[in-house]
Every structure is written in structure tokens, then in C-alpha cells.
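Report on the structure given below.
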Amino acid sequence: MLDINIIRQKPEWVKEQVARRNDTAPIEAIVAGDNRRREILQEVEQLRRQRNEASKQIGRWLGSLKKLTTDLQRAEAGQDVGQPVAGLRTQVMAMQANADQAKEETGQLGDRIDALTEELRQVEAELRQNMLWVPNIPHPTTPTGPDESHNVHHDPQGAAIPRFDFTPKPHWELGPQLGMIDFERGVKISGSRFYLLRGWGSRLQRALIQFMLDFHGNQHGYTEMYPPFIVRAQNFEAAGQLPKFFDNIYRDAEEDFMLLGTAEIALTNVHRDEILDEAALPIQYVAYTPCFRREKMSAGKDVRGIKRGHQFDKVEMYQFVHPDKSYETLEQMKQHAVDICEALGFPYRLVELATGDISYAAAKTYDIEIWAAGCGEWLEVSSISNCEDFQARRANVKFRPADGGKIQFVHTLNASGLALPRVMIGLIENNQQADGSIIVPEVLRPYLGGAELIK
RNA sequence: GGAGGGAUGGCCGAGUGGACGAUGGCAACGGUCUUGAAAACCGUAGUGGGUGCAAGCUCACCGGGGGUUCGAAUCCCUCUCCCUCCGCCA
């Protein structure tokens, strides 16, 4: 969610920024709705103020009325209350008439308030819906371009691209050959884009998950989290996945539950509706979760192997930081992801995503791609984004400055650390030997009972 | 799944139709006292919206939504969540 003030003050500029992303947003409707909202608000608040005052007056009258009535009853019973019965009777009747008339008038005020409130509710609901359809403003340093072809690829780093004196096989041949991946039976169970990891395949993935969690926890200061994998729609909205990506989400037919497409969605909401102390920042979380995606938008793409499935595992880093620190943090998180690539011995390269390719909630995103020798491709294993205050606004996560300054929104960042299937592909394909066996990277051996070779 | 009890400010906890944005306590912050600290005492303090250069004024918010009423933290309906007991189950 953007700050409505930015749209109010610079609608044309916002439109340009959205256009940079090759996207559109209902800016005109938002400006109109915002104006209408304030108009109604002022009117309805004025009326409410009148009603509040009138109600208080009625309360006072009814209080006096009660006392006078008591006096009247006592006077009628012959007690001396300091006033004659007739005078009291007149006062009681006058007071009652005042109160009745005021009730009548204030009731009419109430009717107008109700009507205006109803309109206000509609205007606000529509305004909010429109606001949800405005993507984040890209950072000035995000390369401008309508699609991924404008992404900026940096030179390869890390390990050298492996050379073989035989033709390296793709993982979809090596995996089944080594009994690590069973495509046929995965499809039998759940259909296309599903597979079964088996034996070393399953163990290798588990080892990787554990290694990554340990590494980020111990080396980079992240607190490990285990979130629910099934969450309410509200969480998706806060993270910026809804309303736009409804079609890509697996949903429960009966209840308001959705399956995570990434741990980022759950982690964004850990501190929803909280005001954090500045001293608590940065908050760093790392979580392993499976990720479920319909992949409707990628129909027919990457159907071979385990590169793109409806279910995959990922270790995700997430941070809540001070707004002044978020770009510094972005670089650090990029490094945290790179460190895993280094530790596993991958050739990798950095990609700066263009405005047309960054995710809806992001202002700036880096991708990290590793080289996979068998399929001969650079595979995206990590995406590192600074969402600035976009998600924080939707999730309502703020902090109280230590110097007593105004409460403000935190910035949030997310980074894959890393996505498992593609790491598996890289390991299998890059570390293969002529006899089809696979060398296990040293850092993983402690997690695999010391095994050096998969064969 | 059945029965009952709850949800109030950072925390605890009063308040059951009218001056209540809400008594009180704790924690926090500022001050007095002290060589310093503690204790004691005095004082300040919620969030969001609208408007205004500002001071301010004003509206809303007592788990969410709806209703009754001139007026709702308070009454009614409903949803969510928490607790207790029973049943069932990995």
C-alpha cells in the first residue's frame, strides 16, 4: 500500500512510476475517492458533533426531570419540598416536552448521519480496493524496462563454470538413474509438475534445508521460525500477493485458508498490527516452508525436471528494519544468499531486476542465479527484495523511535536463502562424475552421515 | 463435536445506559530530594482520521461486524480468538 498522501500530492508522478513497471493503477479513481471521502467525513463529523452535544443536553434534562418528578410526588403526598405542586407540575411538563422534542430532532440528525455513514463506507471500501491495486513505487536505481529482457546481468562469480570430459547429464536423467527422483510415481500421485524425492534425493534436500537454517542462524543472526503453512487471506493481502495473484494461490474450498506460496507471506504478518520499539530493530527471521503455487501464469513453461513444481521447499530470510537502513540491509541480505552459493561451490551471477520484472510489493530486487551444467542454464535460486514500507503499511507494522519522535512504518525485506529444487539441480548436475555418481559438497557431509559420494 | 466462562490502554484490572478515551495499580518518561542510586513525593503520557502554518479544534476507536437508543465499553444478535470441563483423535 502506498501512502495516500503521495497520490494526493503527486498523482501524475505516481502514474509515471507505475508506468515504469509496465503496469497500470486506478489513480484517478483514487484521487476522486479520496476527495469525496474527505468531503463526506467533514459533513458527517459535523453532524456527529451536533448529535453528541444534543445527547448530552438530553441527558442533563432527563436527570433534572427525574429529580423534579420525585419532588412532585413528595409534594403531592403532602411533604414540603420548598415549591408548590402546581409550579412543579408545570416544570415537569415543560422539561418533558423539551426532552421529547430534542429526541425527535436528534433522531432526525441520526438518520442523516446513518445515510452519510453508509455512503462513506462505500466510498472508503472502493478507495481501499483501488489502493490495493497500486503496486509499489520502484526505487530510482531499479533499471527501467517493461520486462525481464531489461534485467541487468552481472558477470559470473564464485566457483568456475565446471568443465567435463564427458557430456554432463541433466538432473532429470541423473536423478531417476540414482534413485533420487521418481517423476512417474510423483505424477501418479498428484499429476503433472509433481515429483517424488526418494532415498538420497530426499536426504540431500533435508540436509540442504538444515544446513541453510543453521548457516543463517549462526553466521547471519537470524532467528529460526516455523510458521503455519496454511494462512488466512488477510496475510496474502498484507504481503501484496492479493488481490492481484488470486489465481496462483491454492485455497481451501470451505474456509478462509490459503496455502503459502512463500514463507514471506507468513513472516510479513508475524508483527501485524504491532508498534515495535526501535531498539528491537532489525528483526531477522529465517524459516523453512514448503511453497505451493498453481503456476497458472507459467502454464507450459519449465515442465521438465524439478525446476518448477506446484510444491517446492524454500528457506526464506525476512527482516523488519529502520527505514534509514533498508538499502544497506538489502545489500547484506544479498550477501547472505551469496554466502550459501559460495559455501556450496556454485558458479553464480547477480541480476538486477528491471522495473517490469520486480514483484508487486518490491521497490528493488536482486536475483541470484546459479549455473546448472546438465541443462546448461542459469537458474534463479534467490530473489532479494526491499519492499520499503509497502508491506508494512498493509500489515500495519510500525516502530516507536527511541528519541520520542513520531511513530512510523518499518521497512521490510525478504530474500530466498535459497530455493531448494534449483539448488538440488545445481548440485546434481555440477557435481556429477563420468560414472553418474555425485560428489557431496563438504559443508553438507555432516548432515548426511559423512557421505562424500552419492551413487 | 457438547457445555460453560471470557476478550477494556504497554501490562494488570475497575467500570453493566448519560460529563467515560475510560477510576486504580504496575511498568515508562520528566522533575524534587540525594555525593550517586534506591525509596518517597509531584508531574507527563493511547492509536488513527479530518481540519489548521501552528497552538488547537473535532470525529472515531473498550476483540471484529451488525442492531436497539436522543445517547452504548455497558443491552441484543453474530463472527473470531482465548480459557475450563466432557467426548473424540494424530
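Labels below follow one simple rule: chain letters A, B, ... track the order of the sequence lines, proteins then strands, and each chain is numbered from 1. Note: hydrogens, waters and symmetry copies are ignored here, and every other heavy atom, side chains too, is used.
OP1 or OP2 of B/C81 has at least one side-chain nitrogen or oxygen of A/Arg232 nearer than 4.0 Å. In terms of phosphate contacts, A/Asn52 brings a side-chain nitrogen or oxygen within less than 4.0 Å of OP1 or OP2 of B/A60. One finds a side-chain N or O of A/Lys398 lying less than 4.0 angstrom from the OP1 or OP2 phosphate oxygen of B/G48. The side chain of A/Arg400 contributes no N or O atom lying less than 4.0 Å from OP1 or OP2 of B/G46.
Nearest to the side-chain atoms of A/Ser55 among the listed nucleotides B/C81, B/G71, B/C59 stands B/G71. Listed nucleotides: B/G48, B/A60, B/C70. Nearest to the side chain of A/Arg48: B/A60. When distances run from any side-chain atom of A/Arg121 to the nucleotides B/C59, B/G66, B/C70, the shortest one goes to B/G66.
Among the heavy atoms of the strands lying under 4.0 Å from A/Leu41 are primed sugar atoms or P, OP1, OP2 only; no base atom is included. Contact annotation for A/Leu62: base contact, defined as any heavy-atom pair under 4.0 Å involving a base atom. Nucleic acid contact for A/Arg8: sugar-phosphate only, since backbone atoms but no base atoms lie under 4.0 Å from a heavy atom of the residue.
Rounded to the nearest Å, the gap between the P atom of B/U69 and that of B/G15 is 28 Å. Rounded to whole Å, the separation between the P atoms of B/A22 and B/G6 comes to 26 Å. For B/C26 and B/G13, the C1' atoms lie 11 Å apart once the distance is rounded to whole Å. B/U8 and B/C62 have their P atoms separated by 12 Å, with the value rounded to a whole Å. Distance noted for atom C1' between B/G50 and B/G10: 28 Å (whole Å). Remark: the separation of the P atoms in B/A7 and B/C12 is 12 Å, to the nearest Å. One C1' atom belongs to B/C82, the other to B/G24, and the distance between them is 26 Å to the nearest Å. Rounded to whole Å, the separation between the P atoms of B/A73 and B/G63 comes to 10 Å.
A donor-acceptor contact closer than 3.5 angstrom is absent between the side chains of A/Asn136 and A/Arg21. Side-chain atoms of A/Gln108 and A/Glu104 form a donor-acceptor pair, as typed in the model, at a separation below 3.5 Å. At a cut-off of 3.5 Å, with distance as the only test, no side-chain donor of A/Asp214 or A/Gln210 sits close to an acceptor on the other residue.
Rounded to an integer number of Å, the gap from CD of A/Gln108 to C1' of B/C70 is 12 Å. Between A/Gln234 atom CD and B/G63 atom P there is a gap of 17 Å when expressed in whole angstrom units. Put simply, CD on A/Glu45 is 11 Å from P on B/C61, counting in whole angstrom units. Atom pair A/Glu124:CD and B/A60:P shows a separation of 14 Å (rounding to whole Å applied). Between the P atom of B/A72 and the CD1 atom of A/Ile113 lies a distance of 10 Å, rounded to the nearest Å. When rounded to the nearest whole Å, the span between CD of A/Gln46 and P of B/C59 equals 9 Å. In this structure, A/Lys56 places its NZ atom 12 Å from P of B/A72, rounding to the nearest Å. In this structure, A/Ile40 atom CD1 and B/G49 atom C1' are separated by 14 Å, rounded to whole Å.
Of the two residues near RNA chain B, A/Thr106 and A/Gly59, the one whose nearest nucleotide lies more 5' is A/Gly59. Annotation: of the two residues near RNA chain B, A/Arg51 and A/Ile275, the 5′-most nearest-nucleotide partner is A/Ile275.
Ring orientation note: the planes of A/Phe211 and A/Tyr447 are nearly perpendicular, at an angle over 60° on the 30°/60° scale.
Ring centroids of A/His220 and A/Phe215 are separated by less than 6.0 Å, placing the two rings close together. Taking the six-membered ring wherever Trp is involved, the centroid distance between the rings of A/His271 and A/Tyr285 falls below 6.0 Å. Residues A/His336 and A/Tyr222 bring their aromatic ring centres within 6.0 Å. Residues A/Phe320 and A/His411 place their aromatic rings such that the two centres sit no closer than 6.0 Å.
Stacking of A/Arg394 on the aromatic ring of A/Phe236 is not recorded, the 6.0 Å distance cut-off and the 45° axial limit not both being met.
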Problem - Paired and unpaired positions of RNA chain B as dot-bracket, Watson-Crick or G-U wobble under 3.5 Å, | denoting a partner strand - result: ((((((((.[[[..)..(.....]]].(((((.......))))).((((((....)))))).[[[[[..)....]]]]])))))))....

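Looking at A/Arg60, its side chain comes within 3.5 Å of the base of B/A19 through a donor and an acceptor atom.
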